[in-house]
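In what follows, a single structure is set out as structure tokens and then discussed.
Chain letters run A, B, ... following the sequence lines, proteins first, then strands; residues in each count from 1.
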Protein chains: 2
Amino acid sequence: MLKLDSIIEGNCTSVLQTIPDNCVDLIFTSPPYADNRKNTYQGIAIDEYVDWFLPVSAELKRVLKPEGTFILNIKERAVNGERQTYVLELILAMRRQGWLWTEEFIWHKKNCYPGKWPNRFRDAWERCLQFNKQKHFKMYQESVMVPIGDWSNKRLARLSDTDLKRDESRVGSGFGKNISNWLGKEVVYPTNVLHLATECANRGHSASFPVVLPSWFIKLFTNQGDIVLDPFMGSGTTAIACIELARHYVGIEAMHKYCVLAEQQIAKVKRPQIPLIPENNSSDKVYAG
Amino acid sequence: MLKLDSIIEGNCTSVLQTIPDNCVDLIFTSPPYADNRKNTYQGIAIDEYVDWFLPVSAELKRVLKPEGTFILNIKERAVNGERQTYVLELILAMRRQGWLWTEEFIWHKKNCYPGKWPNRFRDAWERCLQFNKQKHFKMYQESVMVPIGDWSNKRLARLSDTDLKRDESRVGSGFGKNISNWLGKEVVYPTNVLHLATECANRGHSASFPVVLPSWFIKLFTNQGDIVLDPFMGSGTTAIACIELARHYVGIEAMHKYCVLAEQQIAKVKRPQIPLIPENNSSDKVYAG
DNA sequence: GTTCCGCATGAATCGATAG
DNA sequence: ACTATCGATTCATGCGGAA
């Protein structure tokens, strides 16, 4: 029925209609932003964006398991001196559609796009909106705990003008690949702000997010063997995160060139050996709400 | 007419009606949040919040100078497992009222309130919504510059031969073209994410923010001698920031106990000596938009 | 095997210019 | 008048190659 670990080329809504009800554990996606990148992607007009997205989110709600979660990464642009409001309107419309707006995570970008303008600073954050079908959803908080070092006690004890200055700390990201960094350190739960760098290497896709972004939410909201859906797959970053974390993925992508690119990226990924001790075993399972 | 450097006790809208048109350079405030608990402040019911705030924002729009700025520090809380939507609705309503929604700054709290819940992490950010009356507003970006990142030590400490040649020939594109501009550079412009610690000092007020928060916006949007209004003064943090930065303040506060508290806090503040060289002099003045 | 250095690039935005 | 295109501006990161 549902072919796992594959990318389906086609129109998002049409493909979604072929997927059974209540079978996906997590949806993570970053849809094309309004009126953006007309050259590289299909541009959506600002005033049509909500009407364009609602049929998609209706299908997403159908295919998501009752205890599953939908994470929507999006950020409105500045046009004519103002921030656009379509994301706000989308949140309100999705609630009318029956979604619960559980939380708004902030992706604080370490390396945001450069530039200077007379009326605004560089935009260094994006929204990661959490939607759920019901108040009770799966959440494995222990799997994303972050280390905290001695330095934090010193820094937090002294508040001064330097607190206004740049954050040079590496805590808050907590995505250190080297486990040895964690030794001897106390771990704490993270907050709803993720401090990550963008990956600006050659990705071939203009709208790529770092793999640690989906990885964080996949660890938080799924277990090994669960199914993750990305209805706007792009260059396949969500799929890569799934493979690295031993989750199943289902991707949808409208443009052939990105399907090819995603398959190329996926082919490079090393499958992890199955850990002897699953990170999210039954004793860790927390049913939230 | 308008009595400067004072706190006026009374109902916010009523007091605002006594203030002349177009006389305030910056409005910074953190209004009472919508809440069902009514014991700490005058609680505003969630479903009445927008209707309650719109008459206030209408008066604020009247008293603000055309080139002034309104910064609204606010964050919806989670109720019944969901984030409340009244802030989103307020933004949309204020735009219909004629405000421009110029930007959304994020206050990323370094040390946010502790706690643990099964369905969400600690909330480590608040919105600082920027509204303007027109596209052209005053902005003094140089007054809030921050130290450049560590990468510059390695990259810029020793310029390579190719860097120097590229500079002489004035060819190439992008960053490298003006590499000489980066020699000796120590500060850069900030982003729209403020990474500040919270203050634990103001225990007497339920909704206190650190003085560096208003200070940052006051430096960014006003000059010395300008007038800053806080229509929900609380414990007087905005006034303290004004005094330290040699700006005039006008505060409004409904509750007598907070008026007393604010006056006490203000009395402790050391007035700065007037600097010989104003930080924002006329040559630095930038009219944005 | 590490460390260091050069370099390309990234969901940007505004104002001016051209059609 | 209104839209489309283009140049100018700016900062931090990861990658690949060299030391």
Please pick, from D/dT13, D/dC11, C/dC14, the nucleotide with the shortest atom-to-atom distance to any side-chain atom of A/Asn119. C/dC14
Interatomic distance, A/Trp117 CH2 vs C/dG15 P [rounded to whole Å]: 12 Å
For A/Leu213 and D/dT13, what is the distance between atoms CG and P respectively, to the nearest whole Å? 17 Å
The side chain to side chain donor-acceptor pair (under 3.5 Å) partner of B/Glu103 among B/Asn132, B/Thr69, B/Asn192 is B/Asn192
Do A/Thr198 and D/dA12 have a side chain to base donor-acceptor pair shorter than 3.5 Å? no
Would you kindly give the CG-to-P distance between B/Asp150 and C/dC4, to the nearest whole Å? 13 Å
When the C1' atoms of C/dG10 and D/dT9 are compared, how many Å lie between them, rounded to an integer? 15 Å
Does the pair A/Arg83/A/Asp123 count as a salt bridge with the N-to-O cut at 4.0 Å? yes
Select from A/Pro31 and A/Asn80 the residue whose nearest nucleotide in DNA chain C is closer to the 5' end of that strand. A/Pro31
Can you find a side chain N or O atom of A/Lys109 that sits less than 4.0 Å from OP1 or OP2 on D/dC11? no
What nucleotide, of C/dT13, C/dA11, D/dT13, holds the atom closest to the side chain of A/Glu126? C/dA11
Would you indicate, yes or no, if C/dT13 has its OP1 or OP2 atom less than 4.0 angstrom from a side-chain nitrogen or oxygen of A/Arg83? yes
Nearest whole angstrom, please: distance from the P of D/dA12 to the CD of A/Glu199. 18 Å
Regarding A/Lys75 and the six-membered ring of A/Tyr33, is the cationic atom NZ or CZ under 6.0 Å from the ring centre and inside 45° of its axis? no
B/His136 NE2 - C/dC14 P separation (whole Å): 11 Å
Under 4.0 Å, counting only non-hydrogen atoms across every strand here, what does B/Thr191 touch: a base, just sugar-phosphate, or nothing? nothing
Please report, rounded to the nearest Å, how far the P atom of C/dT13 is from the CD atom of B/Gln130. 14 Å
Which dot-bracket notation, 5' to 3', represents the base pairing of DNA chain D when pairs are defined as Watson-Crick or G-U with both distances under 3.5 Å, crossing pairs as [ ], and inter-strand pairs as |? .||||||||.|||||||||
Separation of D/dT13 atom P from B/Ile148 atom CD1, nearest Å, is 11 Å
Would you please determine if the base of C/dA11 is stacked by A/Tyr33, with stacking meaning a centroid separation under 5.5 angstrom and planes under 30 degrees? yes
Taking atom types as modelled and ignoring hydrogens, do the side chains of A/His256 and A/Glu9 form a donor-acceptor contact shorter than 3.5 angstrom? yes
I'd like to check A/Leu213 versus A/Asn73 (side-chain heavy atoms, cut-off strictly below 4.5 Å). Are they in contact? yes
Would you measure the distance from the C1' atom in D/dA12 across to the matching atom in C/dC14 and give it in whole Å? 22 Å
B/Lys109 charged N/C atom sitting above B/Trp107 aromatic ring, 6.0 Å / 45°: yes
Quick one: sort the A/Trp99 and A/Phe70 rings into parallel, tilted or perpendicular, breaks at 30° and 60°. tilted
Can you tell me if the side-chain N/O atoms of A/Arg77 get under 4.0 Å from OP1 or OP2 in C/dA11? no
Do B/Lys135 and A/Glu82 meet the salt-bridge criterion of a basic N to acidic O distance under 4.0 Å? no
Just how far, in rounded Å, is P of D/dT10 from CH2 of B/Trp151? 12 Å
Closest-nucleotide mapping onto DNA chain D: is A/Ala197 or A/Lys116 further toward the 5' terminus? I mean the 5' end. A/Lys116
